[in-house]
Amino acid sequence: EETDFYKIPLNSFDEAMQRVMYLKHVIEHCDGYRWFYDGDKPIRRESDLHIMYKLACFDTISDVNSEVNNGRGPVDFKLSNGSKDKTLVEFKLTRTLKKNLEKQVEVYKDANNTNKAIKVILFFTDEEEQKTLKILNDLGLTGKPGIVTIDARSDNKVQASKAK
């Protein structure tokens, strides 16, 4: 899926998604996945992903806030353009995914008085990818807007000089 990272977004959802897709591009195609590794060992911390998203939100037209708690716990990010245009962005690793997709983001949407949310799922292995795809399929979320997976595997990023 090709995204124009420099297009002026129409609303907070478009801007939040544009920034997520840029982050996905950097992690999957520009060696950004390396941020999540100590040698060959993956460092599975959502907090690192949050920092990268903050960097991707440089010079936004939306107001970007992290760990916003409007009543039922903190959502990772809220992008807003006034009180009527708000989008939530929640990052998850595969190991905490099912519970979050079933309930957590819906609670955050109610607390923040919005129906717009993006759920970003980061995985590190083939097994985690398969588990993610199964959960998405089981919950009927495969291919739905607002669901983004990011492949942070280190074993499938081939150097351009070695690509076949």
So, [X] side chain and [Y] main chain: donor-acceptor pair closer than 3.5 Å or not?
{"X": "Arg19", "Y": "Ala56", "value": "yes"}
{"X": "Glu15", "Y": "Ser62", "value": "yes"}
{"X": "Glu28", "Y": "Asp151", "value": "yes"}

Drop me the distance from [X]'s [atom1] to [Y]'s [atom2], to the nearest 0.5 angstrom.
{"X": "Met52", "Y": "Ile150", "atom1": "CE", "atom2": "CD1", "result": "8.5 Å"}
{"X": "Gln18", "Y": "Cys57", "atom1": "CD", "atom2": "SG", "result": "10.0 Å"}
{"X": "Lys86", "Y": "Lys116", "atom1": "NZ", "atom2": "NZ", "result": "9.5 Å"}
{"X": "Asp76", "Y": "Lys54", "atom1": "CG", "atom2": "NZ", "result": "10.5 Å"}
{"X": "Lys24", "Y": "Thr149", "atom1": "NZ", "atom2": "OG1", "result": "4.5 Å"}
{"X": "Leu97", "Y": "Ile121", "atom1": "CG", "atom2": "CD1", "result": "4.5 Å"}

Within-4.5 Å side-chain heavy-atom neighbours: [X] and [Y]:
{"X": "Lys92", "Y": "Glu46", "answer": "yes"}
{"X": "Met17", "Y": "Val148", "answer": "yes"}
{"X": "Tyr53", "Y": "Leu49", "answer": "no"}
{"X": "Phe91", "Y": "Val89", "answer": "yes"}
{"X": "Leu88", "Y": "Leu79", "answer": "no"}
{"X": "Thr94", "Y": "Leu122", "answer": "no"}

Inset, instruction - Say whether Ile43 and Val26 are linked into one hydrophobic cluster, either directly or through other cluster members, by side-chain heavy-atom distances under 4.5 angstrom. - result: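 Unlinked, Ile43 and Val26 end up in two clusters.
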
Would you be so kind as to tabulate the donor-acceptor pairs closer than 3.5 Å made by side chains of residues 135-147, with sequence neighbours excluded?
{"from": "Asp138", "atom 1": "OD2", "to": "Lys134", "atom 2": "NZ", "distance (Å)": "2.7"}
{"from": "Thr142", "atom 1": "OG1", "to": "Asn137", "atom 2": "N", "distance (Å)": "3.2"}

Inset, instruction - Could you pull out all residues at least two apart from Ser154 that satisfy side chain to side chain contact (heavy atoms under 4.5 Å, CB included)? - result: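 Listed in chain order: Tyr33, Tyr37.
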
Inset, instruction - State, without any angle test, whether Ser12 and Ser80 hold a side-chain donor-acceptor pair at a distance under 3.5 Å. - result: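 Side-chain D/A pair, Ser12 to Ser80: absent.
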
Inset, instruction - Starting from the C-alpha separation in whole Å, work towards a yes-or-no answer on side-chain contact (heavy atoms from CB on, under 4.5 Å) for Leu93 and Phe123. - result: CA-CA 6 Å; Leu93 305 178; Phe123 59 86; over 6 Å; no

Legend entry - Criterion side-chain contact (heavy atoms from CB on, under 4.5 Å) on Glu90 and Val120, from CA distance to verdict: CA-CA 6 Å; Glu90 184 71 13; Val120 183; over 6 Å; no

Legend entry - Contacts of type side chain to side chain donor-acceptor pair (under 3.5 Å), residue Asn11, not counting sequence neighbours: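 Asn11: no side chain to side chain donor-acceptor pair (under 3.5 Å) contacts found.
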
Inset, instruction - Evaluate side-chain contact (heavy atoms from CB on, under 4.5 Å) for Asp63 paired with Asn65, printing each intermediate quantity in order. - result: CA-CA 7 Å; Asp63 184 30; Asn65 290 285; 3.0 Å; yes

Inset, instruction - Please state whether the rings of Phe124 and Phe36 are parallel, tilted or perpendicular, taking 30° and 60° as the class boundaries. - result: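 Phe124 vs Phe36 ring planes: perpendicular.
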
Legend entry - Intermediate values then yes/no, salt bridge (Lys or Arg N to Asp or Glu O under 4.0 Å), Glu127 and Arg153: CA-CA 11 Å; Glu127 295 78 22; Arg153 292 179 290 175; over 6 Å; no

Inset, instruction - Could you go through the side-chain contact (heavy atoms from CB on, under 4.5 Å) check for His50 and Arg45 one step at a time? - result: CA-CA 9 Å; His50 294 186; Arg45 288 190 307 240; over 6 Å; no

Inset, instruction - Report the C-alpha separation of Asp38 and Lys41 in whole Å, then their side-chain angles, then the decisive distance to 0.1 Å, and conclude whether the salt bridge (Lys or Arg N to Asp or Glu O under 4.0 Å) test is met. - result: CA-CA 5 Å; Asp38 182 9; Lys41 183 178 183 263; over 6 Å; no

